[in-house]
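See below for the structure under consideration.
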Amino acid sequence: MPDLAPVNEPHPKTLTAPVTQAVLTAAALSQLTARLSGKRVLILAGPAESKDELAGVLALAHKGRWPILADPLSQLRQTDDDLLITGSDILFDGAITLGDAQPDVVLRFGATPVSATVIQWLQTFTGQVILVDPNQALADHSLSTQIQLTVTPAILCQALLPQVLPAPARYCQIWQALEAAYRQSVRAIQATEARIPVIMSNKLQDSAIFVSNSMPIRDVDHFYLPNNGHNRIYCNRGANGIDGVVSSALGMAAVSGTPNNYLLIGDLAFFHDMNGLMMAKRHALKVTIIVVNNNGGGIFSFLPQAAAKDYFEPLFGTPQDLDVATVSKLYGAQYERATTAEDLQSYLNETPTGLRIIEVPSDREENTQQHRQLSDALHKVMEDVLENYNTNKSN
């Protein structure tokens, strides 16, 4: 028989962690100011753990007239600001010459950005890369960092704000024109999967949004536009891939402090963590799950293995023929099927009362073609803006 006698509860010692902050010395601040003042600086704002972490970056950007590549997880897209740049994959894939929009210095904040294209561009960038890295983690997969600043973003921005001189006016004007043209084109998107982040950025207010890895976070990176909705965007980036996404999103909903909780997820990731839905039922969580159902792993259709027709579907496409309506019924969720953009917009107008699942059907082959057509069209838009500025140097 097991010994079930009472045991003494452990009493761990109290741990305190006084707040300490590194600051720039006067000499270091002077040197950094000289590197940035009057220069064409591009701010790269990567994922941040809290909405306040990069709060000072916008103020610094406006003082220096520096554009900000705003990763969707930086929390900076909560603001409709014309210095925020969202078309990074188009602008930095090597097919476009930036000309007078080419930066002299990249100033990095936050963790590794979602965009692999930006990381690859950093590896070839010939200017200076400065990484703000208060924890000295050197989370730089591009290995491009030349100067590491072990101060918090808040301290750095506060120190630099009264010191820096703005970049040439033309530099900022070109970037603002590029972003304005990009946003206008994105708002006109009709493609099924690419349209979803556009609708979410238009419709949602004061919401907590969890985004699955694979195609959803990439589509959000490309097509979720900056707005004044004060929405927070979260995602599990790293080696976990699409594992545990439903559970993570429901955990977010449990502590978000808002009834407006959303998860954008593909059918395969949804299937991987389907039993996580029980948490929503058990704890009466208010969350809306948008399931993009293209019957498989959509991201693999963009990779070279898509050409291997003999074995692509069983090894990479991996269709599950998931019946989302039946899954919804199993877990007591309200089920909706959005076959048009208007359907999705209408459903997002409703206030969540519990677990709700919106299925958005899609076709993987059509989605691949639509994304490639979109990429070509957006390239043309960006090239036209740059050609206009290069032709009219007095702009």
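This chain uses plain numbering: 1 for the first residue, then up along the sequence. Keep in mind that the numbers below use all heavy atoms, side chains included, and drop hydrogens, waters and symmetry copies. This is a predicted model, so every value here is computed, not measured.
Nearest approach of Q146 to Q128, heavy atoms of both residues: OE1-CA, 2.9 Å. Minimum heavy-atom separation, R364 to N294: NE-O, 3.1 Å. Nearest heavy-atom pair, P134 versus P153, reported as atom, atom and distance to 0.1 Å: CG-CD, 4.4 Å. Scanning both residues, Y389 and A177, for their nearest heavy atoms gives CE1-CB, 3.6 Å.
Under the 3.5 Å distance criterion, with hydrogens and angles disregarded, no donor-acceptor pair is assigned to the side chains of S37 and Q163. Residues E193 and S362 have side chains that bring a donor and an acceptor to within less than 3.5 angstrom of each other. Using modelled atom types and a 3.5 Å distance limit, the side chains of K286 and N261 yield no donor-acceptor pair.
Using a cutoff of 4.0 Å between basic side-chain nitrogens and carboxylate oxygens, D384 and K380 are scored as salt-bridged. For D140 and R108, the salt-bridge test passes: some basic side-chain N is under 4.0 Å from an acidic carboxylate O. Taking a cutoff of 4.0 Å between a charged side-chain nitrogen and a carboxylate oxygen, D219 and R195 do not qualify as a salt bridge. Here D206 does not pair with R232 in a salt bridge; the nearest charged N to carboxylate O distance is not below 4.0 Å.
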Please output the side-chain donor-acceptor pairs of residues 39-48 that fall under 3.5 Å, not counting sequence neighbours, one pair per line with the distance.
residue: K39; atom: NZ; partner: A34; partner atom: O; Å: 3.4
residue: R40; atom: NE; partner: Q102; partner atom: O; Å: 3.3
residue: R40; atom: NH1; partner: D100; partner atom: O; Å: 3.4
residue: R40; atom: NH2; partner: D104; partner atom: OD1; Å: 3.3

Check the pair E179, T86 against side-chain hydrogen bond (donor to acceptor under 3.5 Å, both in side chains), reporting the backbone distance first and the verdict last.
-> CA-CA 7 Å; E179 180 64 10; T86 52; 2.8 Å; yes
Does the pair T326 and D323 meet the rule for a side-chain hydrogen bond (donor to acceptor under 3.5 Å, both in side chains), with working shown?
-> CA-CA 5 Å; T326 300; D323 188 332; 3.0 Å; yes
Could you walk me through whether L36 and I130 pass the side chain to side chain contact (heavy atoms under 4.5 Å, CB included) check?
-> CA-CA 10 Å; L36 300 176; I130 301 172; 4.1 Å; yes
Output, in order, the C-alpha distance, side-chain angles, deciding distance and verdict of side chain to side chain contact (heavy atoms under 4.5 Å, CB included) for I242 and F270.
-> CA-CA 8 Å; I242 60 172; F270 181 72; over 6 Å; no
Apply the test salt bridge (Lys or Arg N to Asp or Glu O under 4.0 Å) to residues R183 and D82: give CA-CA distance (whole Å), side-chain angles for both, the deciding distance (0.1 Å), then the verdict.
-> CA-CA 10 Å; R183 294 189 196 184; D82 63 0; over 6 Å; no
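For the pair F223/L374, a side-chain contact is recorded, criterion being any heavy-atom separation below 4.5 Å from C-beta on. The closest side-chain heavy-atom distance from L277 to K281 is not below 4.5 Å. Between R65 and Q173, every side-chain heavy-atom pair lies at or beyond the 4.5 Å cut-off.
The backbone N or O of L225 sits less than 3.5 Å from a side-chain atom of N227, completing a donor-acceptor pair. Between the side chain of S346 and the backbone N or O of E342 there is no donor-acceptor pair closer than 3.5 Å. Remark: the backbone N or O of A26 is not paired with any side-chain donor or acceptor of S30 at under 3.5 angstrom. Put simply, the side chain of S207 gets close to the backbone of Q205: a donor and an acceptor are under 3.5 Å apart. Not a single donor-acceptor pair under 3.5 Å links the side chain of N293 to the backbone N or O of D267. Looking at S201, its side chain does come within 3.5 Å of a backbone N or O of P197 through a donor-acceptor pair. No donor-acceptor pair closer than 3.5 Å links the side chain of S247 to the backbone N or O of G244. D273 places a side-chain N or O within donor-acceptor distance of the main-chain N or O of V246, the cut-off being under 3.5 Å.
M200 belongs to a hydrophobic cluster whose remaining members, ordered by chain and number, are L73, V114, I196, I199, L204, I209, V211, I217, V220, Y224, I233, Y262, L264, I290, V292, L344, Y347, L348, I358, V360; membership requires side-chain heavy atoms of ILVMFWY residues under 4.5 Å apart, directly or through intermediates.
Linking ILVMFWY residues whenever their side-chain heavy atoms come closer than 4.5 Å, directly or via other members, places Y335 and M274 in the same cluster. Hydrophobic clustering of Ile, Leu, Val, Met, Phe, Trp and Tyr side chains at less than 4.5 Å, counting indirect connections, keeps L32 apart from L165.
Ring geometry, W175 versus F92: the interplanar angle falls under 30°, so the pair is classed parallel (tilted spans 30 to 60°).
Atoms CZ and CE, from R218 and M215 in turn, are 8.0 Å apart once rounded to the nearest 0.5 Å.
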